[in-house]
Peer 1: 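Sharing a structure with you now.
In this text the structure is predicted, and so the values were computed from the model without any measurement. Throughout, protein chains are lettered first and strands after them, A, B, ... in sequence-line order, and every chain is numbered starting at 1. All values below come from the heavy atoms of this structure, side chains included, with hydrogens, waters and symmetry mates left out.
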Amino acid sequence: MTNLSPELLAYWEAEQNRLASKILIPSAGMGYLPDVEDIILVLDIQYQGNVAAIGGVLGNPQGEIEQVFTAQVSADVPYAPGYFCFREGPPLLKFWQNLTKAQHLQPNLIILDGHGIAHPRKFGVACWLGLHTQTPCLGCAKESLLPFEGELPDNQGSSLAIKLHNEVVGWALRTQSGVKPIFASPGYALSLETAKQLIFNLKGEYRLPDILRLADQVARAQAKNELKNDWIDWGYIS
DNA sequence: GCGACAG
DNA sequence: ATCTTGTCGC
């Protein structure tokens with residue numbers, strides 16, 4: 001990976017701190033609460049050089065799949081741990097704009113690969129996208145960025161709080177017995193409790209809920225030009 | 001000083 | 001995330 005200048009990292013850090021102050025995470029029972037009628041959008045990206053191959057899956061709050069979209073967007077910004085939002089945010093926002101404007105769709109909640117406030121400066125990519133779309137957004141990652149203490153029981157449905165400066169900012173969640181946990185945190189307009197409940201309510205038999213796995217598969221297929229017929233492909237969008 | 005570090 | 005072969009197991 002290209003070494004990023006200390007000046008850029010300092011700027012990004014200041015940006016995250018500035019934007020983080022605009023994020024208000026609601027308390028339990030407040031903010032976004034799932035309704036059976038709601039539309040959930042799950043997003044994932046695979047990279048092929050400087051092109052982002054995006055999979056977007058629409059479903060309901062139980063994680064049942066309804067429709068699949070995919071596209072390619074240019075990705076100019078390099079990745080740096082802790083600054084993921086500046087790389088992955090803009091391509092996702094482009095995808096969102098296409099979905100909402102061109103397709104006239106308005107999902108009630110976004111779920112994406114990465115963190116929300118479970119981040120050193122409480123500003124993961126789920127915060128970035130939630131702010132820019134003004135839509136409730138939940139981050140769900142396969143690795144934690146913050147260290148956490150305590151033991152997560154092996155049984156399905158157990159959870160362990162992830163804390164930053166003694167404040168709960170996310171969860172390690174055991175989605176299946178005997179498999180590694182996944183890590184969920186709210187990014188925008190939903191509570192920690194709702195974030196946890198949403199993930200546990202998503203249908204699936206594997207470590208990752210089905211709808212998240214599908215978003216991953218679609219992005220992968222887009223990157224390799226192996227799309228399925230019932231997926232709606234926008235091709236390259238700018 | 002060195003390594004680790006969401007995707 | 002990506003570069004990559006075979007291999008073990010259901």
Peer 1: Does the cation-pi check pass for A:Arg174 over A:Phe200, that is, NZ or CZ under 6.0 Å from the six-membered ring centre and within 45° of its axis?
Peer 2: no

Peer 1: Output yes when A:Glu15 and A:Arg18 qualify as a salt bridge under the 4.0 Å nitrogen-oxygen rule, no when they do not.
Peer 2: yes

Peer 1: Which of these passes ring-ring contact (aromatic ring centres under 6.0 Å, His included) with A:Trp12: A:Tyr83, A:Tyr79, A:Phe84?
Peer 2: A:Tyr83

Peer 1: Is there side-chain contact between A:Ile232 and A:Gln67, with at least one heavy-atom pair below 4.5 Å?
Peer 2: yes

Peer 1: Find the distance between NZ (A:Lys163) and CH2 (A:Trp171) and round it off to the nearest 0.5 Å.
Peer 2: 9.5 Å

Peer 1: Extract the stems that DNA chain B is part of, considering only consecutive pairing runs of at least three Watson-Crick or G-U wobble pairs, both distances under 3.5 Å.
Peer 2: none

Peer 1: When you compare the side chain of A:Ile40 with that of A:Ile111, does any pair of heavy atoms fall below 4.5 Å?
Peer 2: yes

Peer 1: For nucleotides 1-7 of chain B, give me one character per nucleotide, 5' to 3': B if any protein heavy atom sits under 4.0 Å from the base, S if the only such contacts are to the sugar-phosphate, - if neither.
Peer 2: ----BBB

Peer 1: Can you tell me if A:Gln156 and A:Ser177 form a side-chain donor-acceptor pair at under 3.5 Å?
Peer 2: no

Peer 1: Atom CD of A:Glu205 and atom C1' of C:dC10: how far apart are they, to the nearest Å?
Peer 2: 15 Å

Peer 1: Between atom CD1 of A:Ile23 and atom OH of A:Tyr188, what is the distance when rounded to the nearest 0.5 Å?
Peer 2: 6.5 Å

Peer 1: Separation of A:Lys224 atom NZ from C:dT4 atom P, in whole Å?
Peer 2: 13 Å

